[in-house]
Amino acid sequence: MERDSVKDQADSYVTDDGRTIGPTVMEMKNITLRFGGVEAIKDISFDIREGEIRAIIGPNGAGKSSMLNVISGFYVPQEGEVWYKGAQRPPMKPYQVAQQGIARTFQNIALFEGMSVLDNVMTGRLTQMKSGLLAQSLWKGKAEREEVENREIAEKVIDFLEIQAIRKTPVARLPYGLKKRVELARALAAEPTILLLDEPMAGMNVEEKEDMSRFILDVNDEFGTTIALIEHDMGVVMDLSDRVVVMDYGRKIGDGSPHDVRNNQEVIDAYLGVAHD
Amino acid sequence: MFYREAGDFNTSYAQDQQTFPIKFDRYRYYLVLFVAIFVIPFMVNDYWVNSLFLPFLIYAIAAIGLNILVGYCGQVSLGTGGFMAVGAYACYKLMTAMPDVSMFIHILLAGVITAAVGALFGLPSLRIKGFYLAVATLAAQFFLVWLFNRVPWFYNYSASGQISAPERDTFGILITGPNTDAWATYMFCLIFTVGSALVARNLTRGSVGRKWMAIRDMDIAAEIIGVNPLRAKLTAFAVSSFFIGISGALFFSIYLGAVEVGEAFGIQKSFLVLFMIIIGGLGSIFGSFAGAAFLVLLPVLLKIVGVDWLGWPTDIVAHLQLVIVGGLIIIFLIAEPHGLAQLWRVAKEKLRLWPFPH
């Protein structure tokens, strides 16, 4: 499945497979991130459009995860601006970023091991649950209503990701592949505007990767969720994503459709190595 | 066989989220409540109430409080004794300042005051974790005891430095002082214990409880899904201290009647309540009750068996108790970190299938 190069000027356009890609929802402008003397990210700019699947790829240590951490508020870049929904985002804490509708999963699974699958998915709804301590302590009125309403949404996500059978199982007992899926469910339960996936397919076999790819496409298709993902499996990236950012040693070396990126000489050099003479 | 959920269907999410989703559990809970309210008060005498029921009910509240902080939110605290002292002294000051107000109000207000103090001493938890936090709360323990010893205003300038509960009644029934009826003090404490358990259960199964558990299991992930760690930890400290304050107030006013702070609310009290939740089960309301019952019953049982039946000297029995509790703590920490509550859960899982496990 090859896609044409992106029409940068148009506000929104329709892809070959019939999905509508909207205007820019998030824009990174000249981001530079340093840890002491090490520049993890050097002057990188790119944008994420509404409804698209945006991949960030690059060799190990290229700064991909750091980039994701900048988006989700873990790191505050020394230079550059983050624009979200048409406004510049002031430096904020990760939980404030989450409240703005940005959810993410982690490279190493970060589930709450002591809780059941259902409770884990319900934690994804926490930003939406507003009832006070007193109401909750009595479990009457608003607190109970809110609990049931949010449970319905959580159950929809559980249905969608086909984890109904394990909803009462403690997460600690689940195998790796299912844990990845539960983590996706938790992020999805928040009904995010942008979903950040940090290596959603790391450590999976071919079938699990196919399952996960299908879920990612379905999420994008059915909920219209914008997805930014980091992935090492090139086949997956080229098939899933609408546009790809390629990073190497903290610099951006390519940006465009999978087709463009694949034929970019600098990208080929970064991945395959190049002879220096 | 007899414990099963076949034919027991929940048809709405509200039903599925109730405290006891299985009918059998629900009926057993009603039965226990019935016995506690309608049978025990008519059977007890002073000895049973003072040596068993009052300490059990009061320690259960403290254990619930500490369990919210340690078991649900994962913040280790060794300041329980100090916070109980805050509840006791707050209650004493309120009782003497406003003699006409109902004891219910005094006890609840003592809880609220302790909640504020607890939230204050919870502030370091934002920066430090684990052992270091435990040491910080240890400082709270020693500071609070020192404060109540050294500032005469807290004990109304009494010559002995002690506080003693004046006689107060509720709805015309005497519940503090030396001339109380056994059933009255029992019922008064029972109301607070049942109320605390219900509130704690409601909080821990709702969104606040999920925030606490998220912080406990992985604080970074909790933050990324939108939990404000500052607010989650401070509410845990406040709610936990609220319960501990209530238990301290009851411990002083109903159970002991007169208190010398270093003796009643010293560091050993903090450890006792911590042992209760370790043996009973971290992160479980039932475990708080089980732990409190166990550590209240153990000395009584040992005394009956050792002193009364076998005729051993009392000091040997007292030391034996330390040995047993110490050994049990080690065994539980290694073999079953989730305590009696987990044993109970496993037993229930097995009973569901028994006698046909396949």
Side-chain angles (χ1 to χ4, degrees), chain A residues 69 72-74 93-106 109-115 118-120 122-140 143-152 154-155 167-168 171-172 183 186-187 189-190 192 196, chain B residues 5 10 12-19 21 68 71-74 112 115 195-232 234-236 238-239 242-243 282-284 337-338 342 345:
Chain A
N69 284 336
S72 61
F74 266 121
K93 300 266 184 197
Y95 67 87
Q96 293 167 318
V97 173
Q99 285 160 0
Q100 287 202 332
I102 297 179
R104 71 170 287 181
T105 65
F106 286 82
I109 301 165
L111 284 169
F112 307 123
E113 297 269 323
M115 299 156 79
L118 177 64
D119 274 336
N120 266 281
M122 285 292 281
T123 57
R125 300 294 309 156
L126 283 178
T127 49
Q128 317 293 327
M129 299 176 80
K130 306 276 184 223
S131 69
L133 210 58
L134 210 60
Q136 285 189 45
S137 63
L138 300 176
W139 200 262
K140 283 279 164 266
E144 192 181 10
R145 218 167 38 242
E146 190 180 71
E147 188 77 18
V148 171
E149 282 165 9
N150 285 293
R151 172 81 186 267
E152 274 162 17
E155 288 287 347
R167 61 159 82 77
K168 294 279 171 81
V171 163
E183 203 188 11
R186 183 182 69 189
L196 308 173
Chain B
E5 50 189 326
N10 294 321
S12 72
Y13 292 137
Q15 278 178 18
D16 193 46
Q17 280 159 336
Q18 62 188 329
T19 300
I68 282 178
Y72 284 97
C73 197
V112 172
S196 303
L198 287 178
V199 167
R201 169 67 192 165
N202 286 343
L203 286 177
T204 50
R205 68 179 159 150
S207 62
V208 175
R210 285 195 204 98
K211 280 181 191 167
W212 292 338
M213 289 189 274
I215 292 282
R216 170 194 71 189
D217 285 348
M218 193 171 276
D219 48 359
I220 292 177
E223 210 177 341
I224 210 73
I225 57 165
V227 177
N228 181 345
L230 176 113
R231 272 179 62 182
L234 286 191
T235 46
V239 171
F242 175 74
F243 289 130
L282 291 168
S284 156
H338 292 101
Q342 181 65 18
R345 271 194 289 268

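Treat the numbers as computed from the prediction; the structure is a model and nothing was measured. Each chain gets a letter, A, B and so on, in the order the sequences are listed, and its residues count up from 1.
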J.: So for Lys140(A), is it side chain, backbone, both, or neither that comes closer than 4.5 Å to the heavy atoms of chain B?
T.: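 For Lys140(A), neither part sits under 4.5 Å from chain B.
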
J.: Taking the side chain as every heavy atom from C-beta outward, state whether Phe112(A) and Met213(B) have any atom pair closer than 4.5 Å.
T.: no

J.: Could I get the full list of side chain to side chain donor-acceptor pair (under 3.5 Å) partners for Ser207(B), not counting sequence neighbours?
T.: Gln136(A)

J.: Kindly compute the distance separating CD (Gln99(A)) from CD1 (Ile225(B)), expressed to the nearest 0.5 Å.
T.: 11.0 Å

J.: Heavy-atom distance under 4.5 Å to chain A: side chain of Arg216(B), backbone, both or neither?
T.: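 Just the side chain, heavy atoms under 4.5 Å.
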
J.: Counting heavy-atom pairs under 4.5 Å with chain A, which one of Val208(B), Leu203(B), Asn228(B) comes out on top?
T.: Asn228(B)

J.: Could you tell me the separation between the OG1 atom of Thr123(A) and the CG atom of Asp217(B), rounded to the nearest 0.5 Å?
T.: 10.0 Å

J.: Between Ala200(B) and chain A, with a heavy-atom cut-off of 4.5 Å, which part of the residue counts as in contact: side chain, backbone, both or neither?
T.: neither

J.: Looking only at heavy atoms, which two atoms of Ala98(A) and Ile224(B) are closest? And how far apart?
T.: CB-O, 3.2 Å

J.: Indicate yes or no: at least one non-hydrogen side-chain atom of Leu198(B) is less than 4.5 angstrom from one of Trp139(A).
T.: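 Sidechains of Trp139(A) and Leu198(B): no contact.
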
J.: Of the backbone (N, CA, C, O) and the side chain (C-beta and beyond), which part of Arg186(A) lies under 4.5 Å from a heavy atom of chain B, both, or neither?
T.: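 For Arg186(A), side-chain heavy atoms alone lie under 4.5 Å from chain B.
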
J.: Counting only heavy atoms closer than 4.5 Å, note whether Leu133(A) contacts chain B via side chain, backbone, both or neither.
T.: both

J.: Let me know if Glu152(A) has heavy atoms under 4.5 Å from chain B in its side chain, its backbone, both or neither.
T.: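 Interface part for Glu152(A): both.
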
J.: Identify the two heavy atoms, one from Tyr95(A) and one from Val227(B), that lie closest to each other, and give their separation to 0.1 Å.
T.: CB-O, 3.4 Å

J.: How about CG on Leu230(B), more than 12 heavy atoms from neighbouring residues, nucleotides or ligands closer than 6.0 Å, or not?
T.: yes

J.: Among all residues two or more places apart in sequence or in another chain, which pass the salt bridge (Lys or Arg N to Asp or Glu O under 4.0 Å) test with Arg210(B)?
T.: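 Arg210(B) satisfies salt bridge (Lys or Arg N to Asp or Glu O under 4.0 Å) with Asp119(A), Glu147(A) once adjacent residues are dropped.
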
J.: What residue, out of Ala189(A), Pro94(A), Ala103(A), has the most heavy-atom pairs lying under 4.5 Å from chain B?
T.: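 Highest number of pairs under 4.5 Å: Pro94(A).
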
